[in-house]
Amino acid sequence: MKKTLPKYYPLIPVFAAYLIMFLVGFSIPGMWQMVALLAFYCALGQSWNIFMGMTGYVDFGYVTFIALGTYGMSLGITYLSQYEWLGIGIIVIGFILALFLASLSALLEAFIALRLRGAYFAIACIGINEGLRYLIEGAKFWGGSEGLIFFGALVQALGRETVNQLTTFWADFSVFIIAALAAFLNMHYMRSKIGYALTAVREDEDAAKVMGINANKYKTIAFLTSGWLGAAVGAMAWGLKLGYVYPGDVFVIHYTVECIVVVLLGGAGTLLGPVIGGLIYGLSKYWLAVIMPGFQLLIFAPIIIIIIVVAPEGVVGLLKSKLKGTKLEMFIE
Amino acid sequence: MALLKLENVTKRFGGLVAVDKVSLEIQPGEFIGIVGPNGSGKTTLFNVINGVYRPEEGKVIFDGKDITRMPAFKRTPLGLGRTFQIPRPFGSASVRENVAIGAMFGTLADKVTVDNALEIADRYINMVGLEAYRDKAAGTLTPVEKKLMEIARALAMRPKLLLMDEAMAGMNPKDIDGMVKFIKRIKEEEKIAIVSMVEHIMRAVAGLAERVVVMNQGAKLVDAKTEEALTDPRVVEVYLGHPADESKWRSDVWKEVRNKDE
Ligand SMILES: Nc1ncnc2c1ncn2[C@@H]1O[C@H](COP(=O)(O)OP(=O)(O)O)[C@@H](O)[C@H]1O
Ligand SMILES: [Mg+2]
């Protein structure tokens with residue numbers, strides 16, 4: 001009998017794309033900011049897609065994770081920068097805090113998802129997001145609506161030189177790493193029992209339970225993973241990079257919509273989809289902002305509608321059907 | 001010790017008593033047929049056994065363990081496998097993946113890797129004769145193929161007790177013959193207890209089961225050796241709706257059984 005080794009080939013084009021993006025940004029002067037923006041969209045798409053692709057739940061409140069990640073990093077730096085001996089450790093602690101806050105939120109959403117489905121779940125998650133924002137503003141904790149501004153504290157703790165490197169290179173670089181990690185985890189899950197379990201749950205949850213599948217456990221794993229990755233992006237790309245956070249800036253549903261657009265463009269539930277979607281979306285947004293500032297959405301909306309009509313399974317769906325039966329098929333998923 | 005023991009199990013849906021104080025014992029390796037007209041509570045009884053429903057009264061004891069309140073997904077790894085009256089394949093997944101899911105989360109759950117599970121799946125796919133459809137999406141199979149796929153999936157769970165819900169419903173005589181031979185083979189090769197339930201008293205049950213339980217309106221009417229059960233006057237009445245010419249019924253049933261044994 002032929003032994004089926006875990007096949008991770010579909011990761012090759014994904015990693016190749018991230019590597020090329022990184023090299024372009026690193027070696028061509030003036031490209032880094034754009035490439036960092038692309039990586040940001042790819043990473044968010046990839047992270048959101050784990051949640052949606054594996055469990056079938058559409059999380060409109062996904063931005064909560066990004067926002068809480070931003071707050072985790074911001075709180076860590078704000079309150080710990082006075083302890084000089086911690087040094088760069090404050091960023092590590094901030095990052096851990098980001099994951100911790102995201103875990104609480106993921107567990108809450110998982111708890112809701114076990115009770116509500118479809119649109120009710122989506123609305124509940126939006127509710128959590130808005131609720132958190134007004135809670136922070138109204139109850140005035142974590143800096144309230146004034147937010148946390150910690151760039152100065154960061155400079156004082158680590159020195160201007162280090163902070164410069166952190167905010168202009170490492171914060172963006174880590175987004176690439178998060179995107180690649182998200183792709184790897186997605187692939188790994190798809191090839192392990194979690195993937196089989198969640199396929200069964202998506203198709204017929206009650207039958208899956210009778211087959212011995214602990215649906216809640218596997219859903220929660222997917223929620224947590226997706227939430228952690230989103231929080232990691234928020235901690236690095238928003239928290240560390242910008243040096244401040246306002247609740248009104250981060251708990252914004254608009255960013256969830258961007259995640260969804262990225263994933264739908266590329267191909268929902270696919271591995272390569274978020275990369276392609278992130279590139280298309282990020283590039284168009286970037287160029288349209290340069291050529292026709294203010295008109296991006298006007299031009300962008302019809303483009304998205306056209307792509308979704310022409311390729312309802314996203315660009316990757318189109319690519320898959322084109323490559324069916326060829327040797328390249330095994331690289332696309 | 002009995003493998004499965006039901007003690008006075010009652011399951012109600014609102015005012016309707018779907019299962020009415022049923023007590024039942026199944027020994028390891030035993031083959032039992034449960035027969036009863038449509039709506040007599042057979043499927044509900046299965047659902048109470050494997051945890052889809054909790055009974056309002058009574059106890060379900062499996063392998064010496066009280067599992068009455070245990071959620072379905074925890075019971076399965078103890079050794080309960082089942083097929084559904086209306087097949088429930090994981091439609092978008094391939095036949096191989098479907099059967100592998102059985103292996104992954106059944107009694108071997110803690111021991112098998114994904115690769116092991118896929119190998120086990122191949123073995124049972126060959127056993128039910130679906131090797132040509134291995135990589136096909138399970139949702140695209142014909143109803144008969146889906147039934148076979150479900151048996152493979154349930155067997156891949158390596159259960160101690162296999163519950164088959166109307167394994168032969170809607171099949172033509174040729175498919176039924178195939179299925180009867182196949183179930184015989186399972187019984188010999190897998191050495192597991194099997195409960196097969198069917199709506200009509202069919203030669204399949206008569207030819208296969210050592211014991212037959214007859215259900216009527218949720219209650220257990222008869223529980224006896226196959227010949228006795230199938231010729232019991234009360235059973236005849238349930239099926240014909242009136243007291244029948246008993247000797248004619250007896251000869252009809254036994255003609256079927258003899259046909260079965262060639
Ligand atoms: N989920 C349910 N809700 C309400 N009534 C049900 C449900 N499931 C079964 N019943 C009723 O319980 C009775 C027994 O049904 P069932 O167990 O399916 O019988 P059988 O499998 O012997 O045909 C029927 O009257 C049926 O309508
Ligand atoms: Mg039934």
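Proteins get letters first, then strands, A, B, ... in listed order; numbering begins at 1 in each. The figures that follow rest on heavy atoms only: side chains count, while hydrogens, waters and symmetry mates do not.
Residues in residues 15-33 of chain B take part in these salt bridge (Lys or Arg N to Asp or Glu O under 4.0 Å) pairs, two or more places apart or across chains: B/Glu30-B/Arg211.
Residues of residues 43-53 of chain B placed with any heavy atom under 4.5 Å of a heavy atom in chain A are listed by number as B/Asn50, B/Val52. Residues of residues 146-161 of chain B having a heavy atom under 4.5 Å from any heavy atom of chain A, listed by number: B/Arg153, B/Met157.
When only modelled atom types and interatomic distance are considered, A/Glu203 and B/Ser92 share a side-chain donor-acceptor pair under 3.5 Å.
Residue contact with chain B, scored on non-hydrogen atoms closer than 4.5 Å, is absent for A/Ala215.
Across every non-hydrogen atom of A/Ala200 and B/Ile101, the tightest pair is CB-CD1, 4.0 Å. For B/Val114 against A/Arg191, the heavy-atom pair with the smallest separation is CG2-O, 3.7 Å. For the residue pair A/Ala197 and B/Phe105, the shortest heavy atom distance occurs at CB-CZ, 3.6 Å. In terms of heavy-atom proximity, B/Phe73 sits nearest to A/Ile213 at CB-O, 3.3 Å. The nearest pair of heavy atoms linking A/Gly212 to B/Pro77 is CA-CD, 4.5 Å.
More than 12 heavy atoms of other residues, nucleotides or ligands shown are found within 6.0 angstrom of CG on A/Leu323. Annotation for A/Tyr218: atom OH counts as buried by contact number, over 12 foreign heavy atoms lying within 6.0 Å.
Remark: A/Glu313 engages no residue in a salt bridge (charged side-chain N to carboxylate O under 4.0 Å, His left out) (not counting sequence neighbours).
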Q) Going through the distances and angles, do A/Tyr196 and B/Asn98 end up as a side-chain contact (heavy atoms from CB on, under 4.5 Å)? A) CA-CA 9 Å; A/Tyr196 285 86; B/Asn98 265 273; over 6 Å; no

Q: Could you go through the side-chain contact (heavy atoms from CB on, under 4.5 Å) check for B/Glu97 and A/Thr199 one step at a time?
A: CA-CA 10 Å; B/Glu97 287 165 339; A/Thr199 301; 5.8 Å; no

(Q) Pair B/Phe90, A/Met211 - check side-chain contact (heavy atoms from CB on, under 4.5 Å), show working. (A) CA-CA 11 Å; B/Phe90 304 121; A/Met211 296 296 130; 3.9 Å; yes

Q) When you look at A/Asp206 and B/Arg88, which way does the side-chain contact (heavy atoms from CB on, under 4.5 Å) test go after all the steps? A) CA-CA 10 Å; A/Asp206 294 326; B/Arg88 295 171 79 162; 3.5 Å; yes

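Heavy-atom pairs under 4.5 Å with chain A were tallied for B/Gly91, B/Pro89, B/Pro71; the largest tally goes to B/Gly91.
With hydrogens and angles disregarded, no donor-acceptor distance shorter than 3.5 Å links the side chain of A/Lys209 to the backbone of B/Lys74.
Side-chain contact between A/Lys193 and B/Thr113: absent, with no pair of heavy atoms (C-beta onward) separated by less than 4.5 Å.
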